[in-house]
Amino acid sequence: MDATQATREVVKEMAAAMEEQRRYLTKLDSEIGDGDHGNNMNRGFQAALERLEDADPSTPADVLKTVSMALISKVGGAAGPLYGTAFLRASTALSDKEEVSAEDAAEALEAGLGGIKQRGKAEVGDKTIVDALEPAVEAAKEAAGEGSVAGVFRRSAEAAKEGAESTIPLTARRGRASYLGARAAGHQDPGATSTYMLLDAAARTLEGSS
Ligand code: ADP
Ligand code: MG
C-alpha cells in the first residue's frame, strides 16, 4: 500500500474510533463542558471521509489537508479548529513527500502540536489536548530513531494515554472547563482523551498494514 492510501486508511480508522467512542467522549464533556465533544469529533471525521471521497488526494499531505478543511468548517466547538490546525500543520510539514519515514511522522506530529499550542495558547497542565499531545510528540521523537512509522504512533499513543489520564486531578486553565474552577478536578479531559484515541487508531491501522 502506498503512503497516500495508508494515510487514508488511518483517517478511516480515526473516523471509526470517533463514531465508536462518541458517547463516551460526550459523557466526559458533559462532566466538565457542554456535552458535545463526541458529537463534534464524529461529525468532523464523517465530513472528512466524505471530502476524501470527492477530493481523491494524491499525497499524504493532501489527505491531511482535506481532513483539516473538514474539521475547521464542520466542527463548531473549540476542538474542531484546534485539531483542524494540527492536521493543516502536519500536512505542511509533509510537503510533497510521497513516502513518509518515521522521522517525517514524528515531525508532522510535532508540527501539529505547534499549531495547537499557537492557536490555543495552552501548556501542559492546563487540562487540554496539549496534556496528551505534548508527551506523545516527545515519545514519537524518541521512537523515530527505531525507524518504523507504526512504532512512532504506538509509542505516541501510549504516552498520550498516560497524558490523558494525568488530566484527571487537574483544574482547567483553558477552554470551557476553566469556568468550573476546582469542580473540574476528578474528571478526565475529553480533548486529551480524543487525542489518545486518534493516535491509537493510527497505530492500529499502521501495525495492521505493515
Ligand atoms: P467546546 O469546548 O467548544 O464545547 P469541544 O467540546 O469539542 O469544544 O472540545 C473540548 C476540548 O477542547 C477540551 O476537552 C480541551 O481538551 C480542548 N480545548 C479547549 N480549549 C483548548 C485550548 N485552548 N488548547 C487546547 N485544547 C483545548
Ligand atoms: Mg464541548
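No experiment lies behind these values; they were computed from the predicted model shown. Below, all heavy atoms of this structure are taken into account, side chains as well, without hydrogens, waters or symmetry copies. Atoms within each ligand, like the ligands themselves, are counted from 1 in listed order.
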Quiz prompt | Pair K12 + E9: basic N to acidic O under 4.0 Å | solution = yes

Quiz item: Would a distance-only check, ignoring hydrogens and angles, find a side-chain to backbone donor-acceptor pair under 3.5 Å from R43 to K74?
Solution: yes

Quiz item: How would you list, by chain and number, the residues with a heavy atom under 4.0 angstrom from ligand 1?
Solution: D29, D34, D36, H37, N40, G77, A78, A79, L82, G120, A122, T128, I129, R174, G175, R176, D189, P190, G191, A192

Quiz item: With the threshold set at 4.0 Å, does a side-chain nitrogen-carboxylate oxygen contact exist between R155 and E146?
Solution: yes

Practice problem: Please tell me if the side chains of D104 and K97 come closer than 4.5 Å, counting only heavy atoms from C-beta onward. | Solution: yes

Quiz prompt | Ionic contact status for D34 with R176, cut-off 4.0 Å | solution = yes

Quiz item: Salt bridge or not for R174 and D189, using N-O below 4.0 Å?
Solution: no

Quiz item: Do the non-hydrogen side-chain atoms of S68 and I72 ever get within less than 4.5 Å of each other?
Solution: yes

Quiz item: Does a side-chain heavy-atom distance below 4.5 Å link Y196 with Q188?
Solution: no

Quiz item: With the threshold set at 4.0 Å, does a side-chain nitrogen-carboxylate oxygen contact exist between D126 and K121?
Solution: no

Quiz prompt | In the protein, N/O/S atoms that are found under 2.8 Å from the Mg ion (ligand 2), waters not counted | solution = D29 OD2, D34 OD1, D36 OD1

